[in-house]
Q: 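Have a look at this one before I ask anything.
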Amino acid sequence: MNLYDLFVKPYETYTTLQIFLEAFAAIFGTLSVYFSIKKNIWVYPTGIISTLIYVYILFNFGLLGDCMINVYYTVMSIYGWILWAKNSEDHVHVEVSWASKKEWLYGILLFALSLILVTVVYYYKPYIDNQFSMRNIRLGLYHLDWGNWLDVVTTSVFLVGMWFMAKRRVENWIFWIIGDFICIPMMIYKGLGITSVQYLVFTIMAIQGFITWKKSLRTKST
């Protein structure tokens with residue numbers, strides 16, 4: 001399969017509006033990561049714009065399971081926005097720290113619960129995609145391919161990453177690096193080439209974010 005088949009051909013059936021919205025969501029998603037690296041509260045409003053656009057895109061593509069997950073991302077972004085606002089002296093920037101053992105236990109629990117939650121969403125996905133009607137459909141996980149199972153894992157990884165980011169913990173970048181890297185081939189498989197490139201950029205930026213947050217914490221301690 002060549003680059004044309006991977007990045008251009010899927011968009012031949014998309015409308016101009018769909019292409020524009022995906023690109024717009026990718027730009028705001030990138031801005032969100034940039035602001036996160038800078039420990040700037042604007043990470044959340046830009047991130048919310050991106051996730052809301054993806055909610056619209058995924059809903060129109062009939063990917064209601066993925067759409068519901070992005071609704072959750074939006075809610076978590078609002079939660080993080082509130083926490084950062086409460087812990088910012090200049091109402092823009094925040095201080096960061098390493099997670100405690102207790103927070104790591106909560107993170108592991110959240111990951112396990114997220115795996116269960118997302119698997120349940122996929123179990124009911126035929127019902128959801130059929131506009132919440134049981135007519136001529138069968139529930140189960142039989143319809144999942146490797147891309148869907150990767151989505152289950154990465155969604156759980158991202159949920160933990162978002163929780164750690166809301167808590168302003170350096171470890172959040174570890175989860176973003178893992179999840180972003182996995183999403184690169186997954187988004188190509190789903191026919192979202194622009195988004196796959198976005199996740200490549202996200203992976204590089206997440207590595208930079210981890211280094212930057214560690215450096216700022218080290219500087220503060222000295």
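Because the structure is a prediction, the values reported are computed rather than measured. Residues: numbered from 1 along the sequence shown.
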Q: Can I get a per-line list of side-chain donor-acceptor pairs under 3.5 Å for residues 106-119, giving both atom names and the distance, sequence neighbours left out?
A:
from   : atom 1 : to     : atom 2 : distance (Å)
Ser114 : OG     : Leu110 : O      : 2.7
Thr119 : OG1    : Leu115 : O      : 2.6

Q: Could you work out, with side chain to side chain donor-acceptor pair (under 3.5 Å) as the rule, every residue matching Thr212, not counting sequence neighbours?
A: none

Q: Are Ile82 and Leu159 co-members of a hydrophobic cluster defined by side-chain heavy atoms under 4.5 Å apart?
A: yes

Q: Between Tyr44 and Ile78, is a side-chain contact (heavy atoms from CB on, under 4.5 Å) present by the stated rule, with each step listed?
A: CA-CA 7 Å; Tyr44 289 112; Ile78 295 172; over 6 Å; no

Q: Give, for atom CZ of Phe20 and atom OG1 of Thr16, the distance between the pair rounded to the nearest 0.5 Å.
A: 11.0 Å

Q: Test of understanding: with ring pair (Phe, Tyr, Trp, His ring centres under 6.0 Å), list the residues that count as partners of Trp104, not counting sequence neighbours.
A: Phe164, Phe175

Q: Working to the nearest 0.5 Å, report the span between CG of Asp151 and SG of Cys183.
A: 7.0 Å

Q: Show your working on side-chain contact (heavy atoms from CB on, under 4.5 Å) between Met165 and Phe158 and close with a plain yes or no.
A: CA-CA 10 Å; Met165 187 173 75; Phe158 286 147; over 6 Å; no

Q: Donor-acceptor pair, Ser32 side chain versus Val43 backbone, under 3.5 Å?
A: yes

Q: Would you say Trp81's side chain and Ile41's backbone share a donor-acceptor pair under 3.5 angstrom?
A: no

Q: Is a side-chain donor or acceptor of Trp213 paired with a backbone partner of Ser36 at a separation under 3.5 angstrom?
A: yes

Q: Ignoring hydrogens and geometry, is there a side-chain-to-backbone donor-acceptor pair from His143 to Tyr122 under 3.5 Å?
A: yes

Q: Flag the pair Thr154 / Met186 as yes when at least one side-chain heavy-atom distance between them is below 4.5 Å, and no otherwise.
A: yes

Q: Tell me, please, which residues at least two apart from Arg168 pass salt bridge (charged side-chain N to carboxylate O under 4.0 Å, His left out).
A: none

Q: Quick check against the 3.5 Å criterion: does Thr74 have a side-chain atom that pairs as donor or acceptor with the backbone of Asn70?
A: yes

Q: Who are the side chain to side chain contact (heavy atoms under 4.5 Å, CB included) partners of Thr15, not counting sequence neighbours?
A: Leu17, Gln18

Q: Can Ile37 and Trp173 be said to form a side-chain contact (heavy atoms from CB on, under 4.5 Å), step by step?
A: CA-CA 9 Å; Ile37 293 173; Trp173 292 111; 3.7 Å; yes

Q: Looking at every non-hydrogen atom in both residues, tell me the closest pair between Ile184 and Ser196 and how far apart they are.
A: O-CB, 3.4 Å

Q: After noting the C-alpha distance and the side-chain angles of Thr30 and Met205, does the key distance pass the side-chain contact (heavy atoms from CB on, under 4.5 Å) rule?
A: CA-CA 9 Å; Thr30 304; Met205 294 180 74; 3.8 Å; yes

Q: Return the NE2 to CG distance between His93 and Asn87, rounded to the nearest 0.5 Å.
A: 15.0 Å

Q: Test: salt bridge (Lys or Arg N to Asp or Glu O under 4.0 Å). Region: residues 99-110. Which pairs qualify, not counting sequence neighbours?
A: Glu103-Arg169

Q: Check the hydrophobic clustering (I, L, V, M, F, W, Y; side-chain heavy atoms under 4.5 Å; chains of links allowed) and say if Val75 and Val160 are grouped together.
A: no

Q: Taking only residues two or more places apart in sequence or in another chain, which ones pass side chain to side chain contact (heavy atoms under 4.5 Å, CB included) with Ile53?
A: Leu21, Phe24, Ala25, Ile49, Ile57

Q: If every non-hydrogen atom of Ser133 is compared with every non-hydrogen atom of Ile137, which pair is closest and at what distance?
A: O-CG1, 3.6 Å

Q: Is any side-chain heavy atom of Leu139 less than 4.5 Å from a side-chain heavy atom of Met134?
A: yes

Q: Using a 3.5 Å distance criterion without hydrogens, assess whether the side chain of Tyr142 forms a donor-acceptor pair with backbone atoms of Arg138.
A: yes

Q: Is it the case that one hydrophobic cluster holds both Ile174 and Leu105, taking links as side-chain heavy atoms less than 4.5 Å apart, direct or via other members?
A: no

Q: For Lys214, check side chain to side chain contact (heavy atoms under 4.5 Å, CB included) against everything at least two apart and list the hits.
A: Trp98, Val170, Phe210, Arg218

Q: Hey, what do you get for OG1 (Thr203) to CG (Asp180), rounding to the nearest 0.5 Å?
A: 4.5 Å

Q: Out of curiosity, does Tyr79 fall in the hydrophobic cluster containing Tyr73 (side-chain heavy atoms, cut-off under 4.5 Å, transitive links)?
A: yes

Q: Of all residues at least two apart in sequence or in a different chain, which pass the side chain to side chain donor-acceptor pair (under 3.5 Å) check with Tyr199?
A: none

Q: Which residues satisfy the side chain to side chain contact (heavy atoms under 4.5 Å, CB included) test with Trp149, sequence neighbours excluded?
A: Leu141, Leu144, Val152

Q: Quick check: closest heavy atoms across Ile177 and Ala206, and the distance to 0.1 Å?
A: CG1-CB, 3.5 Å

Q: Under the side chain to side chain donor-acceptor pair (under 3.5 Å) test, which residues partner Lys39, sequence neighbours left out?
A: Ser216

Q: State the CZ-CD distance between Phe28 and Gln198, to the nearest 0.5 angstrom.
A: 12.5 Å

Q: Under the side chain to side chain donor-acceptor pair (under 3.5 Å) test, which residues partner Asn172, sequence neighbours left out?
A: Trp176

